[in-house]
There are 2 protein chains.
Amino acid sequence: MEKIDVPKLREIVGENNIKADLSDLYIYGSDSSVHHAMPWVVVRPDNTLHVQQIMEYANQEVIPVIARGGGSGMCGQAVPSQGGIIMDMKGMNRILEINLPDVYCRVEPGVVDDDLNLALKSYGVFYPPTPASSRIATIGGEIANNASGVRSVKYGATRDAVLGMKVVLPNGELVSLGAYTRVEASGYQLHKLMVGSEGTLGIVVEATLSFVPIPEFRCMGVANFDSLQDAGEAIGAIMSSGSNPSMLELVDSVAIKAVNKTMDLGLKEVAAALIFEADGMVKEAVDYEINKMRQICEKQNGQDIYASYDPQERAKIFMGRKKLFPALSKYDENLASTSLADDMAVPYSKMAEMAGKIHEIAAKNDIIMTAYGHCGSGCMHTKILMDTKREDQWKSAKKAITEVYEYVRSVHGTTSAEHGIGISKAESFKVEKSDSINLLTSIKKTLDPNNILNPGKLMQAPDDWVTATDLRYSVNSK
Amino acid sequence: MEKIDVPKLREIVGENNIKADLSDLYIYGSDSSVHHAMPWVVVRPDNTLHVQQIMEYANQEVIPVIARGGGSGMCGQAVPSQGGIIMDMKGMNRILEINLPDVYCRVEPGVVDDDLNLALKSYGVFYPPTPASSRIATIGGEIANNASGVRSVKYGATRDAVLGMKVVLPNGELVSLGAYTRVEASGYQLHKLMVGSEGTLGIVVEATLSFVPIPEFRCMGVANFDSLQDAGEAIGAIMSSGSNPSMLELVDSVAIKAVNKTMDLGLKEVAAALIFEADGMVKEAVDYEINKMRQICEKQNGQDIYASYDPQERAKIFMGRKKLFPALSKYDENLASTSLADDMAVPYSKMAEMAGKIHEIAAKNDIIMTAYGHCGSGCMHTKILMDTKREDQWKSAKKAITEVYEYVRSVHGTTSAEHGIGISKAESFKVEKSDSINLLTSIKKTLDPNNILNPGKLMQAPDDWVTATDLRYSVNSK
């Protein structure tokens, strides 16, 4: 900490863009993961030159730099596990250009996803990779984690929407990557390498993003299932039928109960429900997709099937899913909802088995786990509900998670669908990518020889996430 | 050449999979570019182990290895400009798995695009990035060049369709990259880095590809224009209107004349024509898209507008475009059609200006150039028609191309949309990517420290493509 030359940084970003009070540092020590670690200082650059100057300084002094967006990351990507400078990118939040004729926009990394979409709305278009945390998630953070969300089943993930970017490298150099056009074959696609690199290879200071027209028609449906198995099989059947849903979400019994406890929605407490949506410019085409999915749900013993174009009805259907995240915190007042093993992806045909496996593993380990998520894109979410004060529950959680990931890998799934690896998922990540870890490490070393950009993440994170940092919870050791 | 231990290679791949006759070597010395250079030997591996063993040997002896697919590359990617081993991947042409439930297929790199699509057809799905050379282009070659084609405007380029791959690194190591799922956020997206790397970073030995349903309905339309400007503006207007064409092609007067000369299609010899297509599962939605594009064409002074769902009518409309490439060779019996400056991409709003610029530059330099291409994805093709025996025509071509690329870069376009860089486009590529060339070079060095994988391409290619290799034409020097 004493390494930091605060006056030097103050000179770069100005008095108001530095935070070094203990209370501030504490707040910036956590994101939405279970982790906590104190940064040495928080700086908020206002422009690219600031970022370059900060990186030059940090590189010279070999000080870790951790770029931070909205802090909604769930695996500790923005937690400074080795101390250093938190670079708060939210000061760079300008929408630089919305170019409708050329079908792209240029933004700074601190632009909040919802703010971008609000601006795009008046042009009749939207930026689709939007995660559930879009009210606070920034474009820079979404790029770092290769974020995706409810509509990614149809419109793709962040990696698909990023056409190009400007990046400050660890030595302060500024490079332009990618292009401004729909296709590009001009050499290495380095902007695609940057997407998902979790702030370990460079700091994105500008992104060129594609967008798509806002559909004229949206229809959302819901189906209840008496068995999680049936619901899971419906997902597989829909996706292999050539359907083109704009949303296909699973919520299980735990999730439904949680929502009912906290909101007066009166959801039927079934084993599972599927929420499905289709969108488009022509109602007949949306009808076609909705009817197809409805029929598949019926065939898989779906009940109470209902679909609507009405915005209020749609909001009602989606409300349960939307409020699930906060609701899970209130499922049991003694249990906290923790983001662990929260976003694996498995092939569609394993979706039903995966959901069952989660419940089975939870029961065996005396914790509560939910199965829900953007199953249309292969993404299954879980949350672990546990008494975070009890040390044994952390051990159980760790055991359960290890089992979950073992299963995921055994069916050719992947450790993370959309939240990234950070600290919490490094163990499984390193096993999954064991044959390419050397390659990842050598690329990291080439781009960041002093290992100052978000060190200790991805392949550098320790296997044991429980002890990798302080936990964001107070645990009573026995 | 004497460096090559042919018996050693024979031991690896077997007697029948080695070619070292001068006549064979000559044939393997060129692709569809203007370049030619003799390889030392041609080997055809049958499996991954062969590839690993060949790479181990070549790496130890520091011998260049150039992976080759169908040889349809247009910029010299498969031309062994520094000699070495041509690794003919067409022996590895098995379709390993078509997994409809999980919506992916796994193929070896030597599978020909059309063969894959024929196999997928019986499942009701197709692989969309398909370039025009799909009868001979291999999946491995398409990955190397980040290929795209007529339908990429709607369905994306190769980089969008590749979910994962197995790659043999220069030292013979085998690594698995990517995943089997629609989304993935497990660290660096190295499979996306491999796409477009032109065989300079690794040899793809297996690819996992996504596919999409074959649409029930396809409707194709055509519109003639008395001015290239109007046609170009129609492209911009269509793309910024939120239209979703499955094809949007431009052909200019030179292209139309060439087709008329070689086929009895009786195309009206106008300044330019647009071919547009929409597809989908519901006719009303296809109608909607077609009508929207038709109206925009009308507004931009399009004439003789005509559209049809009928497969024969569609084939007739598309025939001119499809046969354009061979037709251009017959435009004038004294002029050869050369692939130079053949696939730049520019923002949609510059499409009209770009087309005009091509004709203007051609006239100024006493050569004939066409403007055509997949303009819906931002890609403008050209071909240069010239007397390849005349040295001065090569000089003119070089001058013209330099001017074309200067224009492209001045409007934030990119050197290559879909054919890659290889040798022919290195000059413009290096200028366009000047600030990231060091980064590209350092990544290349990290993955291939002995520089044995396709050396002399991309950033390593000389600026002067005319003298970079022998030309595939005999030129009379004065």
Side-chain angles (χ1 to χ4, degrees), chain A residues 100-103 124 145-146 148 152 157 159-160 175-177 179-190 192-193 195-197 213 236 239-240 242 280-282 284-285 288 345 347-349 377-379 412 414-421 429 432-433 435-436 439-440 442-443 446 458, chain B residues 100-103 124 145-146 148 152 157 159-160 175-177 179-190 192-193 195-197 213 236 239-240 242 280-282 284-285 288 345 347-349 377-379 412 414-421 429 432-433 435-436 439-440 442-443 446 458:
Chain A
L100 193 64
D102 294 332
V103 195
N145 294 325
N146 191 9
S148 51
S152 294
R159 67 183 180 193
D160 304 306
V175 296
S176 297
L177 308 175
Y180 297 93
T181 51
R182 175 83 170 90
V183 296
E184 182 222 350
S186 297
Y188 303 170
Q189 306 275 305
L190 290 189
K192 303 283 183 186
L193 175 65
V195 176
S197 64
M239 293 315 297
S240 65
M281 291 298 176
V282 177
E284 285 86 348
Y288 168 87
Y348 297 121
S349 60
S377 61
C379 169
H412 296 296
T414 188
T415 304
S416 172
E418 52 173 33
H419 297 165
I421 301 299
F429 170 68
E432 180 190 334
K433 303 284 184 188
D435 64 356
S436 60
L439 196 53
L440 295 165
S442 67
I443 287 177
T446 303
L458 287 164
Chain B
L100 193 66
D102 294 333
V103 195
N145 293 325
N146 191 10
S148 51
S152 294
R159 68 182 179 194
D160 303 306
V175 296
S176 298
L177 308 175
Y180 298 91
T181 51
R182 175 84 171 91
V183 297
E184 183 221 350
S186 296
Y188 302 171
Q189 307 274 304
L190 289 189
K192 303 283 184 187
L193 174 66
V195 176
S197 62
M239 293 316 298
S240 66
M281 291 297 176
V282 177
E284 286 86 346
Y288 168 87
Y348 298 120
S349 60
S377 61
C379 169
H412 296 297
T414 188
T415 303
S416 172
E418 52 173 32
H419 296 167
I421 301 300
F429 171 68
E432 181 191 334
K433 303 285 184 187
D435 64 356
S436 60
L439 196 53
L440 295 166
S442 67
I443 286 177
T446 303
L458 287 165

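Scope of the values below: all heavy atoms of this structure, side chains included, with no hydrogens, waters or symmetry mates. Every chain is numbered from 1, with letters handed out A, B, ... down the list of sequences.
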Tell me, side chain or backbone of A/T415 under 4.5 Å from chain B's heavy atoms, or both, or neither? both
Contacting moiety of A/L458, where chain B heavy atoms sit under 4.5 Å: side chain
Contacting moiety of B/T414, where chain A heavy atoms sit under 4.5 Å: both
Heavy-atom pairs under 4.5 Å with chain A, option from B/R159, B/M281, B/M239 with the top count: B/R159
Which residues share a salt bridge (charged side-chain N to carboxylate O under 4.0 Å, His left out) with B/K433, sequence neighbours left out: A/E184
How long is the span from the CG atom in A/D160 to the CZ atom in B/R182, to the nearest 0.5 Å? 6.5 Å
Please name the pair of heavy atoms, one in B/S416 and one in A/S186, separated by the smallest distance, quoted to 0.1 Å. N-OG, 2.9 Å
Is there a side-chain contact (heavy atoms from CB on, under 4.5 Å) between B/L439 and A/L190? Walk through the geometry before answering. CA-CA 9 Å; B/L439 196 53; A/L190 290 189; 3.7 Å; yes
Report the option among A/S240, A/G196, A/P213, A/A417 that has the most heavy-atom pairs separated by less than 4.5 Å from atoms of chain B. A/A417
The interface call for B/V175 against chain A, heavy-atom contacts under 4.5 Å, is both
For chain A, which candidate among B/H412, B/E418, B/E284 shows the most heavy-atom pairs at distances under 4.5 Å? B/E284
Part of A/V183 lying under 4.5 Å from any heavy atom of chain B: both
A side-chain contact here means heavy atoms from C-beta on lying under 4.5 Å apart; do A/Q189 and B/N146 qualify? yes
Under the ring-ring contact (aromatic ring centres under 6.0 Å, His included) test, residues paired with A/Y348 that sit two or more places apart: none
Test your reading of the model: is there a side-chain donor-acceptor pair from A/T446 to the backbone of B/I443, 3.5 Å cut-off? no
When every non-hydrogen atom of A/A345 is compared with those of B/T181, the smallest separation belongs to CB-OG1, 3.7 Å
Pair count under 4.5 Å, heavy atoms only, with chain A: among B/V282, B/V103, B/L177, highest is B/V282
Where do B/S436 and A/S176 come nearest, in terms of heavy atoms and distance? OG-O, 3.9 Å
Could you look at B/P347 and say if it's the side chain, the backbone, both or neither that has a heavy atom under 4.5 Å from chain A? both
So which residue, A/G280, A/S148, A/A185, A/A157, ends up with the most heavy-atom pairs under 4.5 Å with chain B? A/A185
Check whether B/Y188 gets within reach of chain A through its side chain, its backbone, both or neither, counting any heavy atom under 4.5 Å. both
Under 4.5 Å, counting heavy-atom pairs only, tell me which of A/A285, A/A179, A/S152 racks up the most with chain B. A/A285
I need the residue from A/G187, A/G236, A/G378 with the largest number of non-hydrogen atom pairs under 4.5 Å to chain B. A/G187
